[in-house]
2 protein chains.
Amino acid sequence: MAPPAARSLPAAAESRKVILDTAARLFREEGYAAVSLRDLAAACGMKAGSLYYHFASKDEIVAEVLRIGVERAFEEVSRAVDPLPKKTAPAEVFRVAVHAHLRTLLELHDYTSANIRIFGQVPPAVRAAHIELRDAYERKWSDMLNRFPLAAGIDPRLVRFFLIGAMNSTLEWFHTGPATVDDIAEQLTQVFVRGFVKP
Amino acid sequence: MAPPAARSLPAAAESRKVILDTAARLFREEGYAAVSLRDLAAACGMKAGSLYYHFASKDEIVAEVLRIGVERAFEEVSRAVDPLPKKTAPAEVFRVAVHAHLRTLLELHDYTSANIRIFGQVPPAVRAAHIELRDAYERKWSDMLNRFPLAAGIDPRLVRFFLIGAMNSTLEWFHTGPATVDDIAEQLTQVFVRGFVKP
DNA sequence: GTCTATATTTGGATAGAC
DNA sequence: GTCTATCCAAATATAGAC
């Protein structure tokens, strides 16, 4: 038998994708607890019971949304940074990475924004199972920061925490529209690398 | 009639305070949706129905917790910053303010940490009613930032967003213990004012 | 694969006794 | 002021028909 055409998924996989895409969007918009399986099913054009053909529980759905969210960000940042020439200045690598992370979070993927938005709301067991993947992604950021010569008294672990906190909190105000992703990436880089005060 | 002794509140006010203190602690620990009124009442040594003598709804309780959370931070930062001599260097004012905010968030008040933790989880109406007070507090930060001469191309509104995001996200990792509040305040100030890279 | 129907639990909220 | 008892709505999850 010939394989199915590349553009169309088998029915089950197709439904699964619709459910996950919709869940990511609703979680991003409304938070974890506010989205019931009835809401989710209705938004997919299904009934709640049908979800259980594809997933064993709400936890399983949200765990998959979280996982894909980090993976997308990881991929986008890697795709932007890895091809840069070896001799690229650390600050330029940094700016490109920040831009890729912000674009994924703010413009590209509901999965990533859902991840940031609901991570603190999901059941502790789900959160615990997700930590390892988050850590792997954050290690990529540590590697980038470690290419810089550090100012005296600066702990690079704290810089990474500050940076990730500042990047992810853009989700809470980006829609108010004071700046574009390009603006934010550029200025965030300048603030972290050289400070916001006139030299 | 003589007023009651200063250290003891009237019974109703006392119960109200117990409920709010306990709610703040539970919200901080478990999030908004995870705390039921039965849980809250039990932790206060009461039954769920009794809460309704003091508050009309769960929303009213959480709104009060949010309000007190910002007020405490506002008070602590004002108390630390306002008495400084007029000629104090902007960077020193900044450091003192960051220290006061972080200490309130990380060591002093369950209300403030609950606010940061659950703000994104409460019903939209509660959030909307709370925005004005948050804005007033953030204006205090804008005033401090505006005392600095800015580097070229820097929008002080973005700096304020980055700063508040970085400060509040400490809540997610402070318990892992890589640094004290003093360390964090010192290094956060240095990173924002002069950057983390060796000059 | 998706449906209908329903079991089961849990939540916020109310009424009235004490 | 706090209790007991209860209402009502909503949630996750399951069973079995189609």
Side-chain angles (χ1 to χ4, degrees), chain A residues 4-5 8-27 29-66 114 118 121-127 129, chain B residues 4-5 8-27 29-66 114 118 121-127 129:
Chain A
S8 75
L9 270 46
E14 177 69 31
S15 287
R16 188 186 154 90
K17 177 169 158 39
V18 168
I19 293 167
L20 288 172
D21 285 355
T22 307
R25 180 172 57 81
L26 292 180
F27 285 146
E29 289 170 356
E30 303 177 20
Y32 171 73
V35 176
S36 72
L37 295 185
R38 282 178 176 77
D39 296 338
L40 171 57
C44 296
M46 305 174 68
K47 300 294 179 176
S50 309
L51 299 174
Y52 287 86
Y53 178 81
H54 303 279
F55 299 93
S57 66
K58 186 178 180 180
D59 281 7
E60 201 176 291
I61 296 175
V62 76
E64 184 69 353
V65 168
L66 290 179
I118 69 176
Q121 308 177 20
V122 301
V126 175
R127 216 168 29 235
Chain B
S8 76
L9 269 46
E14 177 67 33
S15 287
R16 188 186 154 89
K17 178 168 156 42
V18 168
I19 293 167
L20 288 173
D21 286 354
T22 307
R25 179 173 57 81
L26 292 179
F27 285 146
E29 289 171 356
E30 302 176 21
Y32 171 73
V35 177
S36 72
L37 295 186
R38 284 175 174 79
D39 296 337
L40 171 58
C44 296
M46 305 175 68
K47 299 294 180 178
S50 310
L51 299 173
Y52 287 85
Y53 178 82
H54 303 278
F55 299 92
S57 65
K58 186 179 181 182
D59 281 7
E60 203 176 289
I61 297 175
V62 76
E64 185 67 355
V65 169
L66 291 179
I118 69 176
Q121 308 177 21
V122 301
V126 175
R127 214 165 35 230

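Every chain is numbered from 1 and lettered A, B, ... according to where its sequence line falls, protein lines coming before strand lines.
In this structure, A:Ile118 and A:Leu66 have side chains that are in contact, with non-hydrogen atoms separated by less than 4.5 Å. Contact check for B:Gln121 versus B:Phe27: no side-chain heavy atoms found under the 4.5 Å cut-off.
Separating the CD atom in B:Glu14 from the CD1 atom in B:Ile19 is a distance of 10.5 Å, to the nearest 0.5 Å. Taking CG of B:Leu51 as the reference point, atom CZ of B:Arg16 lies at 12.0 Å (rounded to 0.5 Å).
Side-chain proximity of B:Ser15 to D:dG1, C:dG1, C:dG11: nearest is D:dG1. Comparing D:dT12, C:dG12, D:dT2 by their nearest atom to the side chain of B:Met46 picks out D:dT2. In the set C:dG1, C:dA13, D:dT12, the nucleotide with an atom closest to the side chain of A:His54 is C:dG1.
Atom-to-atom, CD1 of B:Ile19 to C1' of D:dT2 comes out at 11 Å; the value is rounded to the nearest Å. Between the CZ atom of B:Phe55 and the C1' atom of C:dG12 there is a distance of 16 Å, rounded to whole Å. Taking atom CG on A:Asp39 and atom P on D:dT12, their separation rounds to 8 Å, with Å as the unit. D:dT2 atom C1' lies 17 Å from atom CZ of B:Arg16, rounded to whole Å. When rounded to the nearest whole Å, the span between CG of B:Leu40 and P of C:dG11 equals 12 Å. Remark: P of D:dT14 and CG of A:Leu51 are 13 Å apart, rounded to the nearest angstrom. Rounded to whole Å, atom C1' of C:dG11 lies 8 Å from atom NZ of B:Lys58. Put simply, CG on B:Leu37 is 19 Å from P on D:dC8, counting in whole angstrom units.
Nearer to the 5' terminus of DNA chain D, by closest-nucleotide assignment, is the contact made by B:Ala11 (compared with the other of B:Ala11 and A:Ala56). Nearer the 5' end of DNA chain D, as judged by each residue's closest nucleotide, is the contact made by B:Ala13, out of B:Gly49 and B:Ala13.
Across all strands shown, B:Lys47 has heavy atoms under 4.0 Å from base atoms, whether or not it also approaches the sugar-phosphate. The residue B:Ala48 sits apart from the nucleic acid: no heavy atom pair falls under 4.0 Å.
The phosphate of D:dT12 has neither OP1 nor OP2 within less than 4.0 Å of any side-chain N or O from A:Ser57. When the side-chain nitrogen and oxygen atoms of A:Tyr52 are compared with OP1 and OP2 of D:dT14, none of them lie within a distance under 4.0 Å. Distances shorter than 4.0 Å separate some side-chain N or O of A:Ser50 from OP1 or OP2 on C:dC3.
At least one donor-acceptor pair closer than 3.5 Å links the side chain of A:Asp39 to the backbone N or O of A:Ser36.
In the interface, the side chain of B:Arg38 is not paired with the base of C:dT10 through any donor and acceptor atom under 3.5 Å apart.
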